[in-house]
Amino acid sequence: MKILVCISKAPDTTSKIAFVEGNTKFDESGVQYIVNPYDEWYALVRGLELKESLGGTVTTVTVGTASDDATIRKALAIGADDAVRIDTEAKDAFQVAAEIAAYAKEQGFDLILTGKETINYNGSQVGGMIAEHLDLPFVSLATKLDVNGTTASLEKEIVGGSQEVEAQLPVVVSCSKGMAEQRIPNMRGIMAARTKPLNVVAASNPEQLTGFVSYELPAPKAAVKMIDPENMDELVALLHNEAKVI
Amino acid sequence: MSVLVYINSENGKVAKNALEVITYGKKIGDVVVVTNGSTDNATLESLGAYGASKVLVDRAFEGADAQQVTRLVAKAAESTGATTIIFSNDLIGKAVAPRLSVRLKAGLVAGAIDTPDADGNIKVNVFSGKAFGNVKVNSEMRIIALLPNSFQPEEVGGTASVEEFNGEAGTAAVTVKATKKPEGSIPLPEAELVVSAGRGLKGPENWGIVETLAQELGAATACSRPVSDIGWRPHHEHVGQTGVAIRPNLYIAAGISGAIQHLAGVNGSKTIVVINTDEEAPFFKAADYGIVGDAFEVLPRLTEAVKKFKAAN
Ligand SMILES: Cc1cc2nc3c(=O)[nH]c(=O)nc-3n(C[C@H](O)[C@H](O)[C@H](O)COP(=O)(O)OP(=O)(O)OC[C@H]3O[C@@H](n4cnc5c(N)ncnc54)[C@H](O)[C@@H]3O)c2cc1C
């Protein structure tokens with residue numbers, strides 16, 4: 001089975017969020033990049049588990065510049081066989097999905113996995129867009145994925161519950177919590193990652209449909225009002241009269 | 001300007017976030033709603049109260065298969081000539097809007113929290129709620145996926161005309177084998193009130209006091225990541241940067257320290273109440289109301305106070 005896992009970098013979850021150049025650019029100074037947790041913990045690890053039980057290969061794909069290579073090597077250290085980097089700056093979901101679809105089109109992947117969303121832009125868009133480009137079924141927010149022959153069996157989140165679904169390969173899946181357990185790369189993996197192939201391919205440069213013109217930080221919170229733990233009637237009154245939420 | 005709004009109406013019921021998107025659409029232009037399934041005409045006509053002038057309904061299929069809904073909405077966009085298409089950024093919107101964006105070459109603004117400004121830019125949540133971004137759409141057509149609970153439904157009065165519509169939706173490539181919806185529980189992303197608890201509750205057997213308060217308030221329950229990782233609570237209750245991001249009117253957090261990754265998923269809440277034994281817990285800095293106290297005593301006391309309040313009002 002040929003598995004493609006889409007890997008994006010994201011600022012470390014403890015990063016200070018600030019903007020520069022008149023609030024038009026994310027301030028990258030001092031920011032550590034990590035593999036987007038959903039891509040790493042769920043999509044990549046489930047891809048590796050399927051490869052281990054059914055045979056095949058796991059390739060990662062990233063749209064980005066040479067500055068992304070460190071996060072790509074991390075994915076290789078966890079166990080991917082090889083990596084592809086489409087050599088252009090990632091600008092928006094539409095562009096990223098179009099680049100990945102253009103690459104994947106002729107490669108015959110059976111499964112294309114993405115994380116549920118990135119933790120910086122939270123768009124949840126790339127998987128569905130790739131699926132539409134390639135005219136494939138897409139299962140979003142899957143919490144379980146098994147493959148039997150040419151049939152993928154999945155469990156996915158729906159509003160207020162969950163659903164068991166099936167689709168014929170090839171299929172695009174966005175992976176959510178429950179799908180797999182995080183794997184920590186070991187020394188052997190890290191050593192091996194240095195020599196695994198990281199193929200840089202040229203971008204197809206689709207048009208850019210959206211762009212961020214500026215950013216803002218939320219207004220600072222007013223000071224917290226402390227309430228006597230013995231006096232919950234006061235809290236209820238405040239929630240009703242002041243906050244007007246009950 | 002004509003605006004097309006997709007809503008999901010299952011089992012004849014229209015959810016609150018459907019009314020939110022209609023209200024939102026009405027602020028931009030004349031609203032045509034497109035939906036599918038067997039919801040009766042009277043219910044669909046009543047969407048006029050929130051500003052829909054017309055409802056196109058495809059009776060040929062039920063459910064919300066992403067490919068079918070994509071074809072249906074694309075067809076409706078063609079027949080209405082709408083250049084703005086609106087979804088709720090719920091689990092259906094997240095599956096359909098990206099597909100439609102590619103199909104129509106329409107820029108997608110996902111997670112919108114406000115109407116377009118004078119330049120047409122749209123504000124969205126980014127960095128898991130730690131910041132906002134303003135998105136410009138370059139294409140002629142645009143798709144806006146509105147973050148649930150960021151716009152309250154407003155009644156404007158009126159009834160909508162209902163038309164049967166053939167969306168040529170085709171067949172579903174993904175087949176549904178089983179659907180599980182726990183009765184009576186409120187889906188977390190849509191909940192206006194949420195009671196959440198963390199490792200401070202010490203074990204799954206202690207969640208009764210959380211559930212009782214939630215029931216009394218009509219709230220959904222949530223938890224911190226370690227709590228769902230150890231299996232004390234189901235995964236779908238995990239809120240935060242790597243869980244669900246929510247923005248309810250009221251978020252009550254008991255026995256949660258308030259780590260930055262937890263705050264990221266909840267700091268869009270309008271009012272935050274924090275209950276913690278440790279007065280130094282970082283969560284108090286993000287709270288509107290704070291109680292230094294033992295959750296095992298404070299939660300039942302709060303439940304009693306809510307009961308008393310309900311009886312008096
Ligand atoms: C990459 C990454 C992503 C993450 N994503 C998330 C995420 O999405 N969501 C998330 O929640 N976490 C996330 N985390 C974990 C996060 O950093 C914290 O570890 C976690 O939120 C702590 O959970 P907690 O507050 O329940 O437990 P603790 O930090 O152990 O806090 C328990 C709290 O309960 C209080 N307490 C104890 N007893 C009582 C009592 N009887 N009554 C009242 N209070 C009491 C304590 O004072 C303490 O403040 C992430 C971490 C990483 C590294």
Side-chain angles (χ1 to χ4, degrees), chain A residues 13-14 17 19 37-38 93-94 97 119-129 131-133 137-141 143 157-168 177-178 208-218 221 224-227 229 232-233 235-236 238-240 243 245-246, chain B residues 66-67 90-91 94-95 98-99 101-103 107-111 121 125-128 130-139 173-182 187 217 235-236 238 241-243 249-250 260-261 270-271 284 286-293 298 301-302 305-306 309:
Chain A
T13 50
T14 55
I17 305 301
F19 302 98
Y38 290 107
F94 186 89
I119 58 168
N120 41 350
Y121 291 104
N122 313 103
S124 233
Q125 303 173 32
V126 169
M129 287 178 171
E132 186 67 21
H133 275 294
F138 170 52
V139 178
S140 55
L141 303 184
T143 51
E157 298 171 30
I158 57 167
V159 180
S162 63
Q163 216 164 41
E164 286 167 33
V165 301
E166 266 181 20
Q168 291 304 304
K177 188 169 186 174
Q208 198 190 336
L209 298 188
T210 66
F212 282 92
V213 289
S214 63
Y215 296 92
E216 306 162 29
L217 291 171
K221 271 248 180 216
V224 53
K225 216 175 242 186
M226 299 310 288
I227 291 159
M232 285 302 102
D233 292 331
L235 176 64
V236 170
L238 285 167
L239 292 177
H240 180 63
V245 290
I246 59 171
Chain B
Q67 276 171 302
D90 61 6
L91 296 175
K94 282 181 181 176
R99 296 202 81 116
S101 168
V102 168
R103 177 164 290 226
L108 167 59
V109 184
N121 298 330
N125 250 0
V126 289
F127 294 97
S128 305
K130 291 179 199 163
F132 306 115
N134 291 300
V135 180
K136 180 176 188 294
V137 177
N138 305 318
S139 51
V174 177
T175 46
V176 176
K177 293 286 167 189
T179 300
K180 281 182 251 167
K181 276 196 191 185
L217 282 168
H235 287 319
H236 66 252
H238 160 196
Q241 188 151 16
T242 51
N249 293 338
L250 175 60
I260 187 165
Q261 298 95 351
K270 288 186 190 83
T271 301
F284 284 119
D288 298 281
Y289 303 105
I291 297 132
V292 178
V298 174
R301 215 174 278 147
L302 180 53
V306 171
F309 167 79

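Naming convention: chains lettered A, B, ... in sequence-line order (proteins, then strands); numbering from 1 in each chain.
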| remark: Bottom line for A/Phe212: the part with an atom under 4.5 Å from chain B's heavy atoms is both
| Measuring heavy-atom distances to chain B, does A/Ile119 have an atom under 4.5 Å in its side chain, in its backbone, in both, or in neither? | both
| Within-4.5 Å side-chain heavy-atom neighbours: B/Leu108 and A/Thr210 | no
| request: Flag the one option from B/Arg301, B/Gln67, B/Lys94 with the top tally of heavy-atom pairs under 4.5 Å to chain A. | output: B/Arg301
| query | Is there side-chain contact between A/Thr14 and B/Gln261, with heavy atoms separated by less than 4.5 Å? | reply | yes
| task | Specify which of A/Gly127, A/Ala243, A/Ser214 makes the most heavy-atom pairs with chain B at under 4.5 Å. | result | A/Ser214
| query | Which of the residues A/Ala131, A/Pro37, A/Ala97, A/Gly123 is involved in the greatest number of heavy-atom pairs with chain B at under 4.5 angstrom? | reply | A/Ala131
| message | Between A/Thr13 and B/Gln241, do the side chains contain a donor N or O and an acceptor N or O under 3.5 Å apart? | response | no
| B/Lys130 versus A/Pro218, closest heavy-atom pair with distance | O-CD, 3.3 Å
| field | Atom group of A/Asn120 that falls short of 4.5 Å from chain B, counting heavy atoms | value | both
| query | If only atom types and distance count, is the side chain of A/Tyr38 paired as donor or acceptor with the main-chain N or O of B/Thr242 below 3.5 Å? | reply | yes
| request: Before giving the answer on side-chain contact (heavy atoms from CB on, under 4.5 Å), spell out for A/Leu209 and B/Asn138 the whole-Å C-alpha distance, their side-chain angles and the decisive distance to 0.1 Å. | output: CA-CA 5 Å; A/Leu209 298 188; B/Asn138 305 318; 5.6 Å; no
| task | Heavy-atom distances under 4.5 Å only: say whether B/Thr271 touches chain A with side chain, backbone, both or neither. | result | side chain
| query | Between B/Gly293, B/Gly133, B/Gly111, B/Ala66, which shows the greatest number of heavy-atom pairs under 4.5 Å with chain A? | reply | B/Gly133
| CD-NZ distance between A/Gln208 and B/Lys136, expressed to the nearest 0.5 angstrom | 10.0 Å
| request: Go through the atoms of A/Ile17 and report whether side chain, backbone, both or neither lie under 4.5 Å from a heavy atom of chain B. | output: side chain
| message | Please determine whether side-chain contact (heavy atoms from CB on, under 4.5 Å) holds for the pair A/Asp233 and B/Phe309, giving the CA-CA distance in whole Å, both sets of side-chain angles, and the decisive distance to 0.1 Å. | response | CA-CA 8 Å; A/Asp233 292 331; B/Phe309 167 79; over 6 Å; no
| said: Quick one, A/Phe94 with B/Val102, criterion side-chain contact (heavy atoms from CB on, under 4.5 Å). Give me CA distance, side-chain angles, the key distance, then yes/no. | reply: CA-CA 7 Å; A/Phe94 186 89; B/Val102 168; 4.1 Å; yes
| message | Which one wins on heavy-atom pair count under 4.5 Å against chain A: B/Thr175, B/Leu302, B/Asn249? | response | B/Thr175
| said: One pair to check against side-chain contact (heavy atoms from CB on, under 4.5 Å): A/Leu238 and B/Tyr289. What are the steps and the verdict? | reply: CA-CA 9 Å; A/Leu238 285 167; B/Tyr289 303 105; 3.9 Å; yes
| task | Among the options B/Val109, B/Asn125, B/Asp90, B/Val292, pick out the one with the most heavy-atom pairs lying under 4.5 Å from chain A. | result | B/Val292
| remark: All heavy atoms of B/Val174 vs all of A/Phe138, minimum pair found to be CG2-O, 4.3 Å
| query | Charged N to carboxylate O under 4.0 angstrom, B/Lys177 versus A/Glu164? | reply | no
| request: Nearest 0.5 Å please: distance from the CZ atom of B/Phe127 over to the OH atom of A/Tyr215. | output: 6.0 Å
| remark: Heaviest contributor of heavy-atom pairs below 4.5 Å to chain B, chosen from A/Gly128, A/Ser162, A/Ala167, is A/Ser162
| request: Counting only heavy atoms closer than 4.5 Å, note whether A/Ile227 contacts chain B via side chain, backbone, both or neither. | output: both
| remark: Under 4.5 Å to a heavy atom of chain B? For A/Ser140 that would be side chain
| message | Are the side chains of A/Glu166 and B/Val176 in contact, using a 4.5 Å heavy-atom criterion? | response | no
| said: Let's go through A/Lys221 and B/Asp288 carefully: what are the C-alpha distance in whole Å and the side-chain angles of both, what is the deciding distance for salt bridge (charged side-chain N to carboxylate O under 4.0 Å, His left out) to 0.1 Å, and is it a yes or a no? | reply: CA-CA 8 Å; A/Lys221 271 248 180 216; B/Asp288 298 281; 2.9 Å; yes
| Which one of B/Ala178, B/Ala131, B/Ala95 has the most heavy-atom pairs closer than 4.5 Å to chain A? | B/Ala178
| task | Compare every heavy atom of B/Gly290 with every heavy atom of A/Val224, then report the nearest pair and how far apart it is. | result | CG2-N, 3.5 Å
| task | Measure the spacing between CZ of B/Arg99 and CE of A/Met129 and express it to the nearest 0.5 Å. | result | 11.5 Å
| Partners meeting salt bridge (Lys or Arg N to Asp or Glu O under 4.0 Å) with B/Lys181 (sequence neighbours left out) | none
| field | Segment of A/Val213 engaging chain B (4.5 angstrom heavy-atom cut-off) | value | both
| request: Might you point out which heavy atoms bring A/Gly178 and B/His235 nearest each other, and give the distance in Å? | output: CA-CD2, 3.7 Å
